[in-house]
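Quick notes on the structure that follows.
In what follows, chains are A, B, ... by sequence order, proteins preceding strands, each numbered from 1.
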Number of protein chains: 2
Amino acid sequence: MSMVRNKGGKYKHEYKQKAIPLTVVKRLPVYQRLLAELAARDVERVSSRELATQMKIDPSQVRQDLSLFGSFGQQGYGYRVRYLLNELNKILGLNTGTKLVLVGGGHLGRAIANYGNFVKWGFTIKAIFDRDPQVIGLTIAGLTVRDVRELTPYLRAEPVEIGIICTPAPVAQEVADQLVAGGIKGIWNFAPVALRVPETVCVEHVHLGESLMTLSFMLKQRQEESTGPKK
Amino acid sequence: MSMVRNKGGKYKHEYKQKAIPLTVVKRLPVYQRLLAELAARDVERVSSRELATQMKIDPSQVRQDLSLFGSFGQQGYGYRVRYLLNELNKILGLNTGTKLVLVGGGHLGRAIANYGNFVKWGFTIKAIFDRDPQVIGLTIAGLTVRDVRELTPYLRAEPVEIGIICTPAPVAQEVADQLVAGGIKGIWNFAPVALRVPETVCVEHVHLGESLMTLSFMLKQRQEESTGPKK
DNA sequence: TTAAGATTGTTATTACCATAACAAAGTATG
DNA sequence: CATACTTTGTTATGGTAATAACAATCTTAA
C-alpha cells in the first residue's frame, strides 16, 4: 500500500545536479575495486557492513555515499555484486573507450604506459610524445614516441579526452597549455607543480614527493609518540 | 612590556602531543614545496596570504596549520622563507638520511628508483629486490637487483626505515609481512590492495588506478553539468 | 619617535562530513 | 502465512575542519 511513501524511493532516477563531496569521490574507486574483487570470486551479494569493514569506515557511510547516485540495494538482502559493480562503472565513466595521450617518455612515463590495469577499465593511450631526440622514435608499450612538436597537430586530427603529463616540472605548464589548446578535457599530472588551467579542465595530481613526505611525517610522529612523553 | 601577555607566544616549544588532522598533514608537503621554490628564487619573506593564494585555500588555514607546530612568523612581516622551510623540513623528518628498500623491479619500481627528487630530501634506496630470475641481477639506478628471498636476511643485517612495494597486487601482502617482520616502520605501497599491518607500522598508499578513476568521474560530471540540465 | 598599516597567532563561528538512529520493506523460517 | 530477522535509504545528531574575526605587535615611513 501507498507506493510512494518515502519520497524518492524507487523513483529517484532523474538528473542529479547535487555536488558530490570530494571525500565521497575518493571512496568511489575503492568501492569499485572491492566489488570487482568480489565479482572475480563469484560472490553474489554484499552488505554495506561488509564493504565498510574492509574500508575501515562506518556502514552508514557506504549507504549514504551510494544513495547519492541512486538506490541500488534491497532491504534485508544487501547489494547484488555484479549489478552494483556495473552501476559504479557507469558512475565512474569506465569502459567507455576513453582515449589518452602521454607526454614524457622517461622512466615514469614508461611505467604508466606499461601499467596494464587501465586497459581493463577501457582507457587507451593513443600516442606518446617527448622532447628528447634520444627518446623520440623509441617504442614504448607498442607505440612509437613522437616529437612533442607534433602534439598540437595530433590533437587537432585525433581528439582525445585525457592528457598525461610525465615531464619534468619546469615544462609541465607549457605542456598543459598545449593540451588545453588541443581540446583536452582532463589532465593527469605527475609533475610536481600546481598547473594553471581553465575551469573547464579537470586536473588530477599524483604527487609522489608529497606522498613520501606524508609517510615520513607519520613515521616521525610515531617515533615521538613513543620516545617523547614518558607516560 | 609584559613579556608573556599572550599565553604561549615565544615559549611554546614543549613536546606537542596533539594529534595532527590528516587534512593538515596532506598540506604540509605542499607548504614545503612552495617554500622550497621561493627559497630557490632567493625570496626572503612570504605571507600567509601569498601561500594561501597559491594553494587556493584561506590564509587563516595556513596560519592555523603552522601554529599547530609553533610560532614561526612575525606580525606585520610574515614568514622568513628559509627559516620556515628549515622548520618544515624538521617537522616532516626530511634530510635525516632515511633508508629505504624497494621490492619489485618492474616498470614502476624502476621509475621510483630513478626518481631523483627523493635524494634531495635525504632519502636513499639501499637495495632492490625482485622475484623474477629475469630481473634479478639487473642494474637499476646503480643497484644490482637481489633475489627477494634475501630480503629477510638483508633487513636483519641492515635495518631500514621504509619499504617500497611495487609488486603485483597478489604478492603485496606477503611482501608487506616480510617487511614488517624485518623491522620496517613504514610502507610506501603502490600495489592496489589494502595491506594488513600492525598498528605500529605506517602505510602510505599510492593508487594509480583510483586516481585515474577519480579523474574519469570528474570528467563525466563536468560533461553532465553541461549536457544534462538545460537550464 | 610616533602613527599608520600590515600580518601574525588564536579564538569564535560557520559549514561540512561522519556517525547514529530509525522507519520501511525485504528475506528467511517454521 | 505469519513472525522474527536483516538490511537498506534517509533523516537527525555530533564532531571535525574551514573560514571569519580580532587583539597583539611588528614594520615602515614620515
Handout entry: Close approaches to DNA chain C from residues 22-39 of chain B, in residue order (heavy atom, under 4.0 Å)
Key =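 The answer is none.
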Please report, rounded to the nearest Å, how far the [atom2] atom of [N] is from the [atom1] atom of [X].
X       : N      : atom1 : atom2 : value
B:Phe69 : C:dG9  : CZ    : C1'   : 15 Å
A:Arg80 : D:dT8  : CZ    : P     : 13 Å
A:Gln61 : D:dT10 : CD    : P     : 16 Å
B:Leu68 : D:dT16 : CG    : C1'   : 13 Å
B:Asp65 : D:dA17 : CG    : C1'   : 10 Å
A:Phe72 : C:dA25 : CZ    : P     : 19 Å
A:Asp58 : D:dG15 : CG    : C1'   : 13 Å

Practice task
Compute the bend angle of the helix from C:dT1-D:dA30 to C:dG30-D:dC1 from the end axes (five pairs per end), rounded to 10°.
Solution key: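 Inter-axis angle at the ends, rounded: 20°.
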Between atom [atom1] of [X] and atom [atom2] of [Y], what is the distance when rounded to the nearest 0.5 Å?
X        : Y        : atom1 : atom2 : value
A:Leu219 : A:Leu212 : CG    : CG    : 9.0 Å
B:Gln64  : B:Asp58  : CD    : CG    : 9.5 Å
B:Ile112 : B:Ile165 : CD1   : CD1   : 12.5 Å

Test item: [X] side-chain N/O and [Y] main-chain N/O as donor-acceptor pair under 3.5 Å:
X        : Y        : value
B:Lys185 : B:Val160 : no
A:Glu161 : A:Lys99  : yes
B:Thr53  : B:Arg49  : yes

Handout entry: Residue mapping more 5' on DNA chain C - nearest nucleotide basis, A:Ser60 or B:Leu66
Key =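 Taking each residue's closest nucleotide, the earlier one in sequence belongs to B:Leu66.
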Exercise for the section: Could you tell me whether B:Glu44 and B:Arg80 have a side-chain N and a carboxylate O separated by less than 4.0 Å? Expected result: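 Salt bridge absent between B:Glu44 and B:Arg80.
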Handout entry: A:Arg33 with A:Glu37: basic N within carboxylate O range, under 4.0 Å
Key =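 Yes, A:Arg33 and A:Glu37 are salt-bridged.
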Exercise for the section: Assess whether one donor atom and one acceptor atom, taken from the side chain of B:Gln64 and the base of D:dT19, lie less than 3.5 Å apart. Expected result: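 Per atom types, the contact qualifies.
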Handout entry: Row check, B:Tyr79 ring normal vs B:Arg45 NZ/CZ: under 6.0 Å, within 45°
Key =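 The answer is no, since B:Arg45 fails at least one limit relative to B:Tyr79.
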N/O contacts under 3.5 Å, protein versus nucleotides 4-7 of chain D?
| residue | atom | partner | partner atom | Å |
| --- | --- | --- | --- | --- |
| D:dT6 | O2 | A:Gly76 | N | 3.3 |
| D:dT7 | OP2 | A:Arg49 | NH2 | 3.4 |
| D:dT7 | O4' | A:Gly76 | N | 3.1 |
| D:dT7 | O2 | A:Gly76 | N | 3.3 |

Practice task
State, without any angle test, whether A:Glu50 and A:Ser47 hold a side-chain donor-acceptor pair at a distance under 3.5 Å.
Solution key: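 Judged by distance alone, the side chains do pair up.
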Practice task
Go through the steps for B:Glu174 and B:Arg196 under the test salt bridge (charged side-chain N to carboxylate O under 4.0 Å, His left out), then give the verdict.
Solution key: CA-CA 10 Å; B:Glu174 189 185 334; B:Arg196 293 182 305 280; over 6 Å; no
